[in-house]
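First comes the structure, then the notes that go with it.
Remember, it's a predicted structure, so these values are computed and weren't measured experimentally. In what follows, chains are A, B, ... by sequence order, proteins preceding strands, each numbered from 1.
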Amino acid sequence: MTHHYHHQHQQLPYSPPHHLEPTMASSNHHIYSNPIFYLLGLCDNVYTLKTVHGLLVVHGLTRDISFNTKLVSLYGSFGHAKLARLVFDRIPDPDFYSCKVMLRWYFLNDLYREILGFYALMRLRCRDTDNVVFSVVLKACSESRNACEGRKIHCQIVKAGSPDALLDMYVKCGAIRDARCVFDELYCTDLVSWTAMIVGYTQNGFPKEALKLFTDNKWAGILPNNVTIASILSACAQLGNLSWGRLVHALAIKLGLVLPNVTNALVDMYAKFHKNEYSRYLFEQLSDKDVITWNSIISGFSQNGSVYEALELFYRMRRGNVLPDAVTIVSALSALASLGALQVGSSLHAYSVKKGLLSSNVFMGTALLTFYGKCGDVRSARKVFNSMEEKSTITWSAMIGGYGIQGDGHNSLALFGEMLRAELKPNEATFTSILSACSHTGMVRDGWRLFTSMCQDYNFVPSMKHYSCMVDLLARSGRLEEAYDFISNMPLRPDISLFGAFLHGCGLYSRFDLGEVAIKRMMELHPDEASYYVLMCNLYAADGRWNQVRQVRELMVNRRLNKSPGCSLMELDIGYDSTHRVASVG
DNA sequence: CTAGGGTTAG
C-alpha cells in the first residue's frame, strides 16, 4: 500500500469550515434511526461513500461526531487513510473513540510515521489511553525505528498503567519481591493494592509478612474488606497463631464482614487449630454452603486427625447437591489412607477417573498413590506414579515413602537415585521418608550416608523426625550405645517419639540398663507427660518386672496422669454407598 | 484483590 495519494482523491464533498456550522450539541436522536446511516452501510467503495457523504453535508449531519466517526472508519476501510484524516480533522471535538478509529486505519495501512504524528496530537486533545493504543504506538515506534519516541511511551505506560494490574501480575507470577517493589512505589496505596499485597504474601507462603502488613500502622486509615479478612485468616492459620486469628474474627464481626468467603476461611482456620466445635458451628450456620465450604471443613478435619468426622461430612456432602471436586477427593483420600480403608478409596479412584478429576492433577495423583502405599498396595501405588504426567518433589517423596513402609528400602533408594538423575531437588520430607525406609530395611550404612549427605550436601538442618529415624535405625539394629550417644549429642531436646524408638530397641535387645537411664532423662525433661510412664511400664513389663510396673501405675494415679487406651482398627463391610463402619479391636 | 488440596519417625 502506497502513502502517496493523488490530490483529487483527497477532495471531499463541500462542507463549510466547522466554525461556520451552527454550534449545536450533538443530536440526541440516535444515528441508527437515520436512513442516511443505513445508506452509509451500503457503500462498498470510495465513490458511493463520497456520494452519501455529500448527502450528510446537505442535511447538516456532519456536525454529529457519530456520523463523522463512521465516515472516518469507512474511508479508512477503503484504504483512504488520508481522506479519513481529513474528515477527522473537521470533527470539532474528537473523543477517544474517534481517535482510536483513526489510529486503527493508520495502523492497518502501515502508516507508522503518521501514527506517531497523530498520537502526539491526540495526546493534546484527550487524556484517555488504553492498552490497544499503547501497543499500536509501540509497534509504530519499532517499525519506524524511533527508539526516542519509544522511550517516552514506555514512561507513559509506566505512569498510566494500572498499578493494581501490575501488582496482581507479579503476585500471580509468584514474584513477591517485585510485587513489593511495585507496592512501595505506588503513589497512593488504597484498599485494593494493600489487599493484593497481603493476598500475595499469604498465597506465596509468607504469612508473617502478610500479618505484618495487615497490622502496620501506616495503613491504619484503611479498613479491611472481606477479601482482606479472608486472606489474613488464612495467614493466621498458616502461622499457627490462634490469638491473632481470634482477633481478626472479632474484627470481622465488628465490621459486619462475616460473609460466606470469610466464614469459609474461619471454618478452615478453626479446623486447623483443632477447634472442631467452632469450625462445625460456623459451617452449620452458613446457609448456602458451596464446594469450598465443604472442602474447608473436610480437609481441615482430615488434616487435624479427625478422620471419621471428615468422612462423615464427605458422605453428607455426597447426599446433598454440591458435587465434590478434586480437592474434596484429595482430602477424603488422605483421610481414608490413614484408616487403611482400601475398598472405599478404590471406589473414589474409580469415581475420579469417571469424572475426569484424575487426569493431569498432581495433587490427585499424589494423594492416590499415597493412599495405595499406606494400604499396603505398593504395586497400585507405583502404577499411579508411572501414569502421572506431572510429578512434584512431593510425588516422588510419597512413592519413596510407599516403598519404605513396606520395608522395601532397595526400591526406595533406587527411586531416590532416579529422582536425583532427573535433577529434582529432594526436600526435608524426602529425607525423612528415605531414612525411615533405611531403618525398616536395616540399611544402617545407607542411612548414615544419607543423613550425612542431607546435612552436608543439601544444607538441611535435621528435624526431630530425622533424628528419630536415625535413633530408630541404630536401635533396631542393636547399636544401642551408638544410639544413646547420638541422642546425647543432638542439639534438640528429645521428644516422646524419639525416646519411644530408643526404648523399643532396648526392649528388642534386652538392654534394660540403657532403657532405665533413658527413662530417667525423659522424666527429668518432661515430668508431666503420661506417655513416658506408659513407655516405662512397657519396658519393665518386657523385663518381667511386674512389681515395678505396678509402682509406676500407682505413681501415675498419684500424679493424676491419664492415658486413654489405644485401639487398633479394621475395615468391615464398607461399600461405596454404605455408611462408614469400622470395628475397633483390642 | 477472594476462602479449600498431596509427602514427613513409631
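A salt bridge links A/R280 with A/E309; the closest basic N to acidic carboxylate O contact falls under 4.0 Å. Ion pairing between a basic and an acidic side chain is recognised when a charged N comes within 4.0 Å of a carboxylate O; A/R511 and A/E481 show such pairing. In this structure, A/K272 pairs ionically with A/D268, as a charged nitrogen and a carboxylate oxygen lie closer than 4.0 Å.
If you check B/dA9, B/dA3, B/dG6 against the side chain of A/A230, the one that comes closest is B/dA3. The side chain of A/V330 has B/dG6 as its nearest neighbour among B/dG6, B/dC1, B/dA9. Side chain of A/S331, nearest nucleotide from B/dG5, B/dC1, B/dT7: B/dG5. The listed nucleotides are B/dA9, B/dT7, B/dT2; the one nearest the side chain of A/V227 is B/dT2.
When rounded to the nearest whole Å, the span between CG of A/L357 and P of B/dG5 equals 17 Å. Between the OH atom of A/Y467 and the P atom of B/dG10 there is a distance of 18 Å, rounded to whole Å. One atom, NZ of A/K374, and another, P of B/dG10, lie 12 Å apart when rounded to the nearest Å. The interatomic distance linking A/D290 (CG) with B/dT2 (C1') rounds to 11 Å, in whole Å. Nucleotide B/dT7 holds its P atom 13 Å from the CE atom of A/M364, rounded to whole Å. Rounded to an integer number of Å, the gap from CG of A/L368 to P of B/dG5 is 19 Å. Note: CG (A/N427) to C1' (B/dG6) measures 12 Å, nearest angstrom. One atom, CD1 of A/I405, and another, P of B/dT8, lie 8 Å apart when rounded to the nearest Å.
Here A/T395 lies in heavy-atom contact (under 4.0 Å) with a base. Nucleic acid contact class of A/N226 (heavy atoms, under 4.0 Å, all strands): none. Within 4.0 Å of A/V267, counting heavy atoms only, lies no atom of the nucleic acid at all. As judged by a 4.0 angstrom heavy-atom cut-off over every strand, A/T293 is placed among residues making no nucleic acid contact. Residue-level contact check: A/S497 touches the bases, meaning some heavy atom is under 4.0 Å from a base atom.
Side-chain N/O atoms of A/S436 and base N/O atoms of B/dG10 include no donor-acceptor pair closer than 3.5 Å. In terms of polar N and O atoms assigned as donor or acceptor, the side chain of A/N261 never comes within less than 3.5 Å of the base of B/dA3 in a complementary pairing.
When ring centroids are compared, A/W396 and A/F385 come within the 6.0 Å threshold. Taking the six-membered ring for Trp, A/F283 and A/W294 have ring centres closer than 6.0 Å.
Counting heavy atoms from C-beta outward, A/L413 and A/L450 have side chains that approach closer than 4.5 Å.
Phosphate proximity of B/dA3 to A/K289: absent, as no side-chain N or O sits under 4.0 Å from OP1 or OP2. Phosphate proximity of B/dG6 to A/Q303: present, with a side-chain N or O under 4.0 Å from OP1 or OP2. Close to B/dA9, at under 4.0 Å from its OP1 or OP2, lies no side-chain N or O of A/H440. Proximity of A/S439 to the phosphate of B/dG10: a side-chain N or O atom is located under 4.0 Å from OP1 or OP2. Regarding contacts with the backbone of B/dG5, a side-chain N or O of A/K272 is found under 4.0 angstrom from either OP1 or OP2.
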